[in-house]
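Working notes, beginning with the structure itself.
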Amino acid sequence: MKKLLPILLIVLGIGGGAGAGLMLRPAPEVPAEGAAEGMEAPAEEMAEPMAEPPEEELTDREYVKMNNQFIIPVITDEKIGALVVMSISLEVELGGQELVYAREPKLRDAFLQVMFDHANVGGFDGAFTNSNNLDVLRAALFGVARKVLGPTVSDVLITDIARQDA
């Protein structure tokens, strides 16, 4: 019996680990258009960021970090249940930094509206860092960035994101 106990514990440990791995695996990839119900955005806001540019075009881009973080309240049961803090950078054409900073107030307003909408449909609930949720948010942010900045912007990068539950 004493010899069977370690073997039994090993088998139970392996079985428990495999079961936990199956239960905790990430959700299957779903395209942005097929995201969770209620998270649809207008087609013009769902514009996809450009595909990876060829290597020679990478030198034609610069990155502009937005000056301040974005703070988004997550409302649950008519009160603030959490705060989400995000930092965003934009990939723009060389020389586009001045345009970004010149239009920053309008850009921040548009970004905040997208983030508030994302929070209101539950985008920051549960596994909010799931790639599907972030892809939907990033595509919506890219859509409004294109509206404000035009073709100067080629991508929106979420550089930091954190949620503090109340």
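The two residues Arg108 and Asn68 have their closest heavy-atom pair at NH1-O, 3.0 Å. When all heavy atoms are compared, the tightest approach of Met86 to Leu141 is CE-CD1, 4.5 Å. A pairwise comparison of heavy atoms in Pro73 and Leu83 identifies CA-CD2, 3.7 Å as the closest pair. Heavy-atom minimum distance, Val153 versus Arg146: O-NH1, 2.9 Å. Of all the heavy atoms in Asp165 and Ala82, the pair that sits closest is OD1-CB, 3.3 Å. Residue Ile72 comes nearest to Met115 through the heavy atom pair CD1-SD, 3.4 Å, listed as atom of the first residue, atom of the second, then distance.
Linking Ile, Leu, Val, Met, Phe, Trp and Tyr residues whenever their side-chain heavy atoms come within less than 4.5 Å leaves Leu137 and Ile75 in two separate clusters. In the hydrophobic clustering of this structure, Ile80 does not group with Val121; members are Ile, Leu, Val, Met, Phe, Trp, Tyr whose side-chain heavy atoms approach within less than 4.5 Å, directly or through other members. Under the 4.5 Å side-chain heavy-atom criterion for ILVMFWY residues, a single connected hydrophobic cluster contains both Leu112 and Val148. Residues Phe70 and Val85 fall into different hydrophobic clusters, defined by Ile, Leu, Val, Met, Phe, Trp and Tyr side chains chained together at heavy-atom separations under 4.5 Å. In the hydrophobic clustering of ILVMFWY residues, with side-chain heavy atoms under 4.5 Å counting as a link, Val144 and Tyr101 come out together.
In this structure, Asp155 contributes its side chain and Leu90 its backbone to no donor-acceptor pair below 3.5 Å. Put simply, the side chain of Asp109 never gets that close to the backbone of Pro105: no donor and acceptor are under 3.5 Å apart.
Side-chain contact of Asp160 with Gln69: a donor-acceptor pair under 3.5 Å is absent, judged by distance alone. Defined by atom type and a distance below 3.5 Å, a donor-acceptor pair is present between the side-chain atoms of Gln113 and Asp117.
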Run the side chain to side chain contact (heavy atoms under 4.5 Å, CB included) check on Lys65 and Ser87 step by step: do they pass? CA-CA 8 Å; Lys65 183 173 175 29; Ser87 295; 3.9 Å; yes

Would you please test Arg61 and Leu94 for side chain to side chain contact (heavy atoms under 4.5 Å, CB included) and show each step? CA-CA 5 Å; Arg61 299 282 173 202; Leu94 278 177; over 6 Å; no

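The existence of a salt bridge linking Arg138 and Asp135 is confirmed by a sub-4.0 Å separation between a basic side-chain nitrogen and an acidic carboxylate oxygen.
Both the sub-6.0 Å distance and the 45° axial angle are not jointly satisfied by Arg163 relative to the ring of Phe124.
Within the 4.5 Å cutoff, no side-chain heavy atoms of Leu99 are placed close to those of Val92. Two residues are said to be in side-chain contact when any heavy atoms from C-beta on lie closer than 4.5 Å; Val74 and Phe128 fail this criterion. Thr159 places none of its side-chain heavy atoms less than 4.5 Å from the side chain of Ile88.
In this structure, OG1 on Thr152 lies 12.0 Å from CD on Glu91, to the nearest 0.5 angstrom. In this structure, the separation between CD on Glu62 and CD on Gln97 is 5.0 Å, given to the nearest 0.5 Å.
Counting heavy-atom neighbours within 6.0 Å of Glu98 CD, excluding the residue itself, gives a total above 12. Annotation for Lys106: atom NZ does not count as buried by contact number, only 12 or fewer foreign heavy atoms lying within 6.0 Å.
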